[in-house]
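A short worksheet on the structure shown next.
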There are 2 protein chains.
Amino acid sequence: MKAFSSYQNPALAIDLVVFGYHEKTLSVLLLNRKEAPFKDQWTLPGAFLQMEESFLQTCSRILQTKLGMDNVYLEQLYSFDDPARDPRGRVISVTYYALVNPSKFQIVAGQMANDAQWFNVQETPALGFDHQDIFDKALQRLKAKILYFPVGFQLLDELFTMPELHELYECILGISIDRRNFRRKILDAEYIINTGAKREGSQNRHPDLYKFNKQLKQNNFQLNIS
Amino acid sequence: MKAFSSYQNPALAIDLVVFGYHEKTLSVLLLNRKEAPFKDQWTLPGAFLQMEESFLQTCSRILQTKLGMDNVYLEQLYSFDDPARDPRGRVISVTYYALVNPSKFQIVAGQMANDAQWFNVQETPALGFDHQDIFDKALQRLKAKILYFPVGFQLLDELFTMPELHELYECILGISIDRRNFRRKILDAEYIINTGAKREGSQNRHPDLYKFNKQLKQNNFQLNIS
DNA sequence: CTTTATTTGTGTCAAAATAACGCAAACGAA
DNA sequence: TTCGTTTGCGTTATTTTGACACAAATAAAG
């Protein structure tokens, strides 16, 4: 096979957009590079894929060794191919985004980075490589996704209050949402997920703390917020 | 840099799910492999990424040399990473799906394939590699996408009738949609795209043949079909 | 502890969007 | 022409959404 002898293959990197939510602020985790290229500039955490690794294993390795976290929500985002995106040579980047609860993790700077730090997504510094494009795409995806899939709670504690979830949505979407209509839509959506049926009136008393069942199939989640 | 010397990089392939619509049938283009692995089995068209190529250039090369088509709608789908997905060794596959009008193209079997053929998406043969997963994901994406983005007409002639578009949607989604409500929703959505305003009453006389403007930004397209 | 202010839970109602369907004009075949 | 079918246009009932009133619960202040 050509591809395994005469052809040279591009390097393949995994880059992560790690989102965290804390005190009404959506943040992204960035690393300050210790080495060229883009020395002393901020970039997304990443690593080269090893020959025997799956994408998710590389993700775990990045999260574990560089950041000391693991077992978080991960979703493949997009693959970036600009031949000039890395000055060292041809590097394809397969990207994922992660949703974590920052209060559960202690950031540790890895070998590659001087510093690891949370940045408010509204106030990110200039990013090296094409990481601004990656970050933009991730934020766009997250905004779209929380409207039709219950991923938002991944950024909160396992138990959360309705106002907490409400604030999270307002923060991520950057709009204000009527508190009472939001509540109704969330409960309706969750009810459909859990029972398959439509919620009529106030069929059930609700607790102070909510919890989304991550096991059940989570289709039919549609918030229709405008 | 490690990645450029001591590390070996996986091969990187581009695989395409080419959809075509003809006579009330949504089809996918498959190739019958001439060589091992999966000799004489059907697979998606694909090629290895060349060092200096962008993804889209590889897509064009596949479409041109193997199928004699070009200048079609292409969208990145997903990247597949199972270490065992190719028996020859580690191959990452970045996949795209394409929407073409089959009546405009003449299928030509390429060097790699004995035969290239359209298959009804409901009656696809067993596929080699992990191409069934790729195909499933593409069909799922297409079904979701036509509900919030005007891509369906890419499968039709530039000018098309409303019943043609209606049939296309019913066929892809596999459901029946009220003809009159569908018409209204399409016209509403197109009106918003073109003018930015909401359509009131029947503000405009409509021609027998329709045409979607591909230049304008196509947000706000939301069919809400259930 | 009370009293007061703020936050949160629940229900109502008008407006908007959607689904269901009637009807006539246009078209094609007999 | 006539008849059957397809296509375009509209109306109405139902559902969903957005805006908001009000009471219960919680937190803060005296």
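These numbers were taken from a predicted model, which means no experiment stands behind them.
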Contacts under 3.5 Å, N or O only, protein and nucleotides 12-16 of chain C:
none

**OP:** Go through the N and O atoms of the side chain of A/Arg180 and the base of D/dA21, and report whether any donor-acceptor pair is under 3.5 Å.
**Re:** yes
**OP:** Tell me yes or no: between the side chains of A/Gln132 and A/Asp136, is some donor less than 3.5 Å from an acceptor?
**Re:** yes
**OP:** Counting heavy atoms from C-beta on, name the nucleotide in C/dA19, C/dC23, C/dG11 closest to the side chain of B/Lys185.
**Re:** C/dA19
Original post:
Hey, is CG on A/Asn120 packed in by over 12 heavy atoms from elsewhere, all under 6.0 Å?
Top reply: yes
**OP:** Answer yes or no: is there a donor N or O on one side and an acceptor on the other, between the side chain of A/Asp81 and the main chain of A/Ile92, under 3.5 Å?
**Re:** no
**OP:** Step by step, work out the side chain to side chain contact (heavy atoms under 4.5 Å, CB included) result for A/Glu75 and A/Phe149.
**Re:** CA-CA 12 Å; A/Glu75 181 186 330; A/Phe149 209 82; over 6 Å; no
Original post:
Separation of B/Arg199 atom CZ from D/dG8 atom C1', in whole Å?
Top reply: 12 Å
**OP:** Please state how far atom CZ in B/Arg179 lies from atom P in C/dG22, giving the value in whole angstrom units.
**Re:** 12 Å
Subject >> Residue B/Asp178, side-chain heavy atoms: nucleotide from C/dT10, C/dC21, D/dT7 that is nearest >> reply: C/dC21
Original post:
What's the CZ-P distance between B/Arg183 and D/dT7, to the nearest Å?
Top reply: 11 Å
Original post:
Are any side-chain N or O atoms of A/Thr195 and backbone N or O atoms of A/Ala197, one a donor and one an acceptor, separated by less than 3.5 Å?
Top reply: yes
Original post:
Which residues satisfy the salt bridge (Lys or Arg N to Asp or Glu O under 4.0 Å) test with B/Arg184, sequence neighbours excluded?
Top reply: none
Original post:
How long is the line joining CG of B/Asp188 and P of D/dC9, in whole Å?
Top reply: 13 Å
